Engineer: 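Let me begin by handing over the structure; questions about it come next.
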Amino acid sequence: MADTERDVAGLSESAARAEYQRLHELLSAADAAYFEKDNPELSDADYDALKRRYLAIEAAFPDLRRADSLSEKVGSAPAEGFAKVIHQVPMLSLANAFEDSDVEDFVARGKKFFEREAGLRLAFTAEPKIDGLSASLRYEKGRFVRGATRGDGAVGEDITANLRTIAEIPDQLAGSGWPDVIEVRGEVYMSHAEFRALNARSAAEGGQVYVNPRNTAAGSLRQLDPSVTAKRNLKFFAYAWGHVSERFAETQFEAVQKLGEWGFTINPHFKLCMNVEEMLAHYHLIESRRATLGYDIDGVVYKLDDLRLQERWGYVARAPRWAIAHKFPAELAWTELEAIDIQVGRTGALSPVARLKPVTVGGVVVSNATLHNEDYIAGRDNEGNPIRGGKDIRVGDWVQVYRAGDVIPKVADVDLDRRPAGSAPFQFPHICPECGSEAIREEGDSVRRCSGGLICPAQAVEKLRHFVSRAAFDIEGLGSKQVEQFHADGWIDEPADIFTLRDRHGPGTAQQLQDKDGWGEKSAEKLFDAIDARQTIDLRRLIFALGIRHVGEVVSADLARHYGNWRALLAALDQAYPAMERHLEAEAAVLVERARAADDARKARIKPVRAAAWAAEPAVSVQSRGAWDELTGIEGIGDTVGVALVAAFAQQAERASINRLVAHLEVVAEEAPDTAGSRVAGKTVVFTGTLEKLTRSEAKAKAERLGAKVAGSVSANTDLVVAGPGAGSKLKQAEQLGIEVIDEDAWLALVGEG
DNA sequence: CAGCCTCGAGTTCC
DNA sequence: CTCGAGGCTG
């Protein structure tokens, strides 16, 4: 499809004008696509060819040159995109509530967390959740200095110039009392009126039809030319803040009011609620006004009002505990199920995907939807209980589709009255469609898995995709499409191959790469540089990238933090192997015994497995036992994860592959957690007895923030025991082991809250 | 031992 | 974003 550089001088002026216009649109669209997606629609080579032709026409017919000529942008190559901005305070996402009862549970969790504080009334703010794009705006001495997108929450893109065009974003904060430095956060959106007007303008000019306000706002913000953004009349609601140089309010409500005083628009439906009933009433009020607000919203956000309590309630992985988004019910649509395809994932999981006759659901055309697993299609849950009234899903059925959380399309229901005659239940394959290996479903597991391992091309590709994914190696220019291509071409079989890619076929590799579809000289060189840059890698990223089952981002980080460096991790896992094996045998023996006992009278109590197994098995060295116990003693790592880890490193082929990879890398040791000024950093703390001023989870959250490890039981590794009244065996054990024991007040003093 | 919480894995569309 | 399951708590 590539346009070549035909001689442009021979073109008539009118032909040149038409061609110039066409190329301008094509290239602009490609620019937009490039920045909105990971994968450009146009290959680099094609893009370069079109661009050259565009410039050639411009040179030959200078009169045609447009004011907004793309030649202006040659200097700042479009591939550069926007500069990255690291959010000083990450931009988190929110947990969701779908039912009133979820909100009640949320409030109940809050009450439980603070139950020690008698008489404490928890107030919450409630406000519409705007369906737009979050942005973070940095103000220094009241001046707007930089604005960024949310990005992945940790790193966003610098879109300052575009944000400056938004009237509701003040250049200079009004009033007084603002912190020296403050990052104001809020939502950029496009009103319904503006969206309609834009489409009308676009139609008059024969331009494109914009699908929905949200995507249009997103596209507008990512314009390289701010004058385009300026024409879109975007708006902004402020509702939060990130980094601040000093505390400026006591409550959420007060803080947002202040944002209003400083010149931001705050949502008129922002309200302080004193109890659950008021929260839900406000939700239903907003829902009833949804159609007349003039902009898209997708729910209501509640936040704990008291900022100090927010801090104490804390965070889960990527979301605050103290806030929740109450979503409106999803839109539904009926359509025909044309086929059921089976995809094979990284772990071999066979996942059924519904191919649908395209249908619009909530403003987006949906043609695929997940069917979860074998049982879901059959109309049963994994315990054999009927779901959807036991209705199975068949090819040819009319099915009801919705977008779960307004994103992931799911098949929710089947219309049996419209089921075609002669249809048969779907036969879920027991053989991997990708490699022909047997697909096995373990007892108690809801997924069927291909047993082919790395023989299975689908698994191999998925593993590579995982390896280059954002939380893993994240190599620029080597996305999922690219590794897939390289794998198909036989250039990359396993992760280590990525690091030999430059010299794979001798000095001519770059040239060969350019001969492939989609690669130009520049992109090839950039790719090699990006790969070289990633030879230095954080330990946690490396662990995660290996793609070991049950070992995700969080567990990888925990492991990295615990063992500190690659060699220590490797040594520990190797050492733990004999103990792990023995442990598995003991587990198996216990299962047999348990079955027998259950047969007998269900009375026999099985003694703690591990202790018994160790006692009976002197063959396993003390060191190995120690290594295994240390591993499974890490918070969040139990038997399953431990076995998966140790086994992966012990398995010969896998280990060899890991070794080949690591030979190319310089693994950066994990730095100690954020412990400046912490007196408990690195200590293992055990709480026992009744705590009177804190709840257990609160104490734990605080300790971990300060870099301490909180353990459940006292061992020789324990550094400190915090004992309240009623402490029993743990206290005794601590005394026996000579471990320091303090009371709750002393603990509070220690962590600076005395 | 059950229930709760958190994490991992898989998925769609832009 | 959801679901299932692993791990921990009471």
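Below, chains carry the letters A, B, ... as their sequence lines are ordered, and counting in each starts from 1. A quick note: this is a predicted structure, and the numbers were derived from the prediction, not measured.
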Engineer: Looking at T370(A), does any N or O in its side chain come under 4.0 Å of the phosphate oxygens OP1/OP2 on dT2(C)?
Structural biologist: no
Engineer: Please tell me which of G547(A) and S367(A) maps to the more 5' nucleotide of DNA chain B, matching each residue to the nucleotide holding its nearest heavy atom.
Structural biologist: G547(A)
Engineer: Where the side chain of N373(A) is defined as all heavy atoms beyond and including C-beta, which of dC5(B), dG4(C), dG6(C) is the nearest nucleotide?
Structural biologist: dG4(C)
Engineer: If you assign A354(A) and I548(A) each to the DNA chain B nucleotide with the nearest heavy atom, which residue ends up on the more 5' nucleotide?
Structural biologist: I548(A)
Engineer: Taking the minimum atom-to-atom distance to the side chain of V353(A), which one of dT11(B), dA5(C), dG8(B) wins?
Structural biologist: dT11(B)
Engineer: State, yes or no, whether a side-chain contact exists between H326(A) and K129(A) at a heavy-atom distance under 4.5 Å.
Structural biologist: no
Engineer: Would you kindly give the CZ-to-P distance between R465(A) and dG8(B), to the nearest whole Å?
Structural biologist: 21 Å
Engineer: Find the distance L371(A):CG to dT2(C):C1' and express it as a whole number of Å.
Structural biologist: 14 Å
Engineer: Provide, to the nearest angstrom, the distance between the CG atom belonging to N368(A) and the P atom belonging to dC1(C).
Structural biologist: 20 Å
Engineer: Using a strict cut-off of less than 4.0 Å between a Lys/Arg side-chain nitrogen and an Asp/Glu carboxylate oxygen, indicate whether D298(A) and R214(A) qualify as a salt bridge.
Structural biologist: no
Engineer: Which one, dG6(C), dT2(C), dC13(B), comes nearest to the side chain of K410(A)?
Structural biologist: dT2(C)
Engineer: Please determine, for the side chain of R109(A), which listed nucleotide (dA5(C), dA9(B), dC5(B)) has the closest atom?
Structural biologist: dC5(B)
Engineer: Q343(A) has a side chain; which of dA9(B), dC13(B), dT11(B) sits nearest to it?
Structural biologist: dT11(B)
Engineer: In whole Å, I'd like the distance from the CD1 atom of I377(A) to the P atom of dG10(B).
Structural biologist: 16 Å
Engineer: To the side chain of R321(A), which of dG6(C), dT11(B), dC5(B) is closest?
Structural biologist: dC5(B)
Engineer: How many angstroms lie between CZ in R549(A) and OG1 in T640(A), if you round to the nearest 0.5 Å?
Structural biologist: 9.5 Å
Engineer: Give the ring-plane orientation class for W313(A) versus F114(A), where under 30° counts as parallel, over 60° as perpendicular and anything between as tilted.
Structural biologist: perpendicular
Engineer: Report yes if at least one side-chain N or O of T640(A) is closer than 4.0 Å to OP1 or OP2 of dG7(C); otherwise report no.
Structural biologist: yes
Engineer: Between dC13(B), dG4(C), dC3(C), which nucleotide gets closest to the side-chain atoms of H372(A)?
Structural biologist: dC3(C)
Engineer: With sugar-phosphate meaning primed atoms plus P, OP1 and OP2, does V641(A) contact a base, only sugar-phosphate, or nothing at under 4.0 Å between heavy atoms?
Structural biologist: sugar-phosphate
Engineer: Rounded to whole angstroms, how far apart are CD on Q459(A) and P on dG10(B)?
Structural biologist: 9 Å
Engineer: Whole angstroms only, please: what is the NZ-P distance between K327(A) and dC1(C)?
Structural biologist: 5 Å
Engineer: How many Å lie between OH on Y402(A) and P on dC13(B), as a whole number?
Structural biologist: 15 Å
Engineer: Grab the CD-C1' distance between E553(A) and dT6(B) for me, whole Å please.
Structural biologist: 14 Å
Engineer: Taking the side chain of R549(A) as heavy atoms from C-beta outward, which of dA9(B), dT12(B), dT2(C) is closest to it?
Structural biologist: dA9(B)
Engineer: Are R232(A) and E194(A) ion-paired here, with the side-chain N under 4.0 Å from a carboxylate O?
Structural biologist: no
Engineer: Report the distance from atom CD1 of I393(A) to atom OH of Y376(A), rounding to the nearest 0.5 Å.
Structural biologist: 5.5 Å
Engineer: Which of these nucleotides, dT11(B), dC7(B), dC5(B), is closest to any side-chain atom of S351(A)?
Structural biologist: dT11(B)
Engineer: Can you figure out which of dA9(B), dG7(C), dG8(B) approaches the side chain of T347(A) most closely?
Structural biologist: dA9(B)
